[in-house]
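Have a look at the structure below before the remarks.
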Amino acid sequence: MQIVKLDLFKNGIGYVCIDGEIKLGEHIIVEGSKGLELATVSGLNSKYDTNFEMLTFLKVASDDDINTAYNLFLEAQKLENKVREIIRSNGIDLKLCFLNYNLDKTKLIIYYTADGRVDFRNLVKILANNFHTRIEMRQIGNRDEVQIIGAMGTCGRECCCKVFLKDFDKVSMKMAKNQSVSLTPSKINGMCGRLMCCLKYEDDNYKEVLSKMPKVNSFVLTSNGSAKVVFLDILREEVTVLYEQGDETEKKTLKLQDISFDKSVSGFYA
């Protein structure tokens with residue numbers, strides 16, 4: 001018996017408990033609160049994240065199952081304009097992001113973002129009468145929206161969360177400071193308006209190098225005497241120092257191994 005992590009077709013993440021052989025990347029059919037769903041195995045022997053639903057494994061998906069899921073996805077997209085019109089005409093303050101049917105077409109799931117809680121009880125009745133199926137309204141966050149819809153990042157490539165990143169790890173401002181990145185929101189925020197996920201990718205390497213480097217504005221000992229640290233080049237492991245002799249000053253860039261300092265005072269940002 002093992003816990004298997006899943007990428008649900010256009011519906012996020014789920015988990016199943018499977019007794020038997022299953023392959024990474026295999027398509028399977030599962031059942032949960034949204035009914036039948038197509039899923040792709042993305043992790044074996046995973047640790048269950050209680051923020052997501054534990055589903056029931058039914059069978060390995062056939063080509064017909066995969067085609068059905070894709071056709072239902074296309075069918076749901078054709079309803080988008082009508083749903084937007086109904087939302088607007090009823091004065092509901094929410095942003096429609098995405099629609100999708102479950103695999104047995106017993107439920108239309110509508111994903112949206114909103115600043116706060118939305119009373120959509122009357123809206124659900126109207127939508128159900130129009131489309132003759134059960135309606136589920138699901139509020140998602142800004143990161144989830146970008147992951148589902150997709151967007152181009154500031155790097156010129158499609159956002160990581162759309163291409164391969166399925167889990168959102170915590171990203172902090174300290175990571176940007178460690179990497180000497182400009183703290184201007186337009187420089188460090190992704191298309192979702194949150195801190196860019198890629199700030200975490202190399203953070204461990206930056207922290208390791210910073211632990212070996214002096215702090216900016218501290219003093220170090222060089223072959224030419226004492227000097228003040230004015231800049232750290234973390235990637236090259238170089239330190240720019242300022243020599244002050246009377247009214248004269250001189251800047252030099254030195255390799256980390258060419259200076260000495262109190263190692264207990266390393267270059268982590270406050």
Side-chain angles (χ1 to χ4, degrees), residues 1-84 96-113 124 127-141 143-151 157-168 197:
M1 189 74 71
Q2 63 173 321
I3 294 176
V4 175
K5 185 178 179 182
L6 306 173
D7 291 337
L8 302 173
F9 184 75
K10 304 294 183 183
N11 282 341
I13 293 171
Y15 292 83
V16 294
C17 197
I18 295 180
D19 185 10
E21 292 295 322
I22 197 78
K23 297 177 183 177
L24 198 64
E26 194 163 26
H27 301 300
I28 64 175
I29 303 299
V30 295
E31 185 174 21
S33 62
K34 291 191 285 291
L36 301 184
E37 294 193 78
L38 176 68
T40 304
V41 176
S42 61
L44 302 175
N45 296 310
S46 300
K47 183 179 179 181
Y48 175 45
D49 186 338
T50 54
N51 291 319
F52 299 98
E53 186 178 2
M54 179 64 77
L55 306 164
T56 302
F57 169 71
L58 297 181
K59 64 173 184 174
V60 175
S62 65
D63 289 341
D64 286 342
D65 292 325
I66 296 171
N67 288 333
T68 297
Y70 182 66
N71 289 331
L72 286 172
F73 162 68
L74 295 179
E75 185 177 339
Q77 302 323 295
K78 294 177 181 178
L79 306 178
E80 186 172 319
N81 288 337
K82 181 64 174 177
V83 173
R84 289 187 189 279
L96 177 65
C97 299
F98 184 74
L99 295 87
N100 198 25
Y101 283 111
N102 59 354
L103 195 59
D104 52 8
K105 204 181 176 182
T106 58
K107 184 184 292 186
L108 178 63
I109 305 160
I110 299 175
Y111 296 86
Y112 70 93
T113 60
V124 168
L127 292 171
N129 288 334
N130 272 268
F131 303 123
H132 308 292
T133 188
R134 293 171 60 198
I135 303 294
E136 178 179 328
M137 302 291 295
R138 176 162 292 202
Q139 186 171 359
I140 60 176
R143 281 186 170 179
D144 300 300
E145 179 186 9
V146 173
Q147 185 179 53
I148 291 173
I149 297 175
R157 300 174 66 107
E158 192 170 14
C159 291
C160 297
C161 58
K162 179 64 175 179
V163 179
F164 67 89
L165 193 66
K166 301 302 179 183
D167 295 327
F168 295 121
C197 294

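We count residues from 1, following the sequence as given.
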[X] vs [Y] side-chain heavy atoms within contact, under 4.5 Å:
| X | Y | answer |
| --- | --- | --- |
| V163 | R157 | no |
| I29 | L38 | yes |
| Y101 | L79 | yes |

> When rounded to the nearest 0.5 angstrom, what distance separates NZ in K78 from CZ in F73?
Replying inline: 12.0 Å
> Can you tell me how far the OG1 atom of T40 sits from the NE2 atom of H27, to the nearest 0.5 Å?
Replying inline: 4.5 Å
Please find the pair of heavy atoms, one from [X] and one from [Y], that lie closest to each other, and give the distance.
| X | Y | result |
| --- | --- | --- |
| N100 | F98 | CB-CE2, 3.7 Å |
| A128 | I135 | N-CG1, 3.7 Å |
| T113 | E145 | CG2-OE1, 3.8 Å |
| K5 | S46 | CB-OG, 3.5 Å |

Does [X] have any side-chain hydrogen bond (donor to acceptor under 3.5 Å, both in side chains) partners at least two apart in sequence or in another chain, and if so, which?
| X | result |
| --- | --- |
| E136 | K107, R138 |
| D104 | N102, T106 |
| R84 | E80 |
| D144 | none |

> With M137, which of L108, I109, I110 fulfils side chain to side chain contact (heavy atoms under 4.5 Å, CB included)?
Replying inline: I110
>> Between Q2 and N45 (side chain of the first, backbone of the second, donor and acceptor by atom type, cut-off under 3.5 Å), is there such a pair?
In response: yes
> Is a side-chain N or O of E37 found less than 3.5 angstrom from the main chain of L103, in a donor-acceptor match?
Replying inline: no
Donor-acceptor contacts, no H, no angles, side chain residues 65-72, under 3.5 Å, sequence neighbours left out:
| unit_1 | atom_1 | unit_2 | atom_2 | d |
| --- | --- | --- | --- | --- |
| D65 | OD2 | K59 | NZ | 3.3 |
| D65 | OD2 | S62 | N | 3.0 |
| D65 | OD2 | S62 | OG | 3.1 |
| N67 | ND2 | D63 | O | 3.3 |
| T68 | OG1 | D64 | O | 2.8 |
| N71 | ND2 | N67 | O | 3.1 |

> Passes side-chain contact (heavy atoms from CB on, under 4.5 Å), I28 versus V4? Steps please.
Replying inline: CA-CA 11 Å; I28 64 175; V4 175; 5.7 Å; no
Tabulate below the donor-acceptor pairs under 3.5 Å that side-chain atoms of residues 15-25 make, not counting sequence neighbours, or state none.
none

> side-chain contact (heavy atoms from CB on, under 4.5 Å) between K162 and V146: does it pass, once the steps are laid out?
Replying inline: CA-CA 7 Å; K162 179 64 175 179; V146 173; 6.0 Å; no
> More than 12 heavy atoms of other residues, nucleotides or ligands under 6.0 Å from CZ of R143: is that the case?
Replying inline: yes
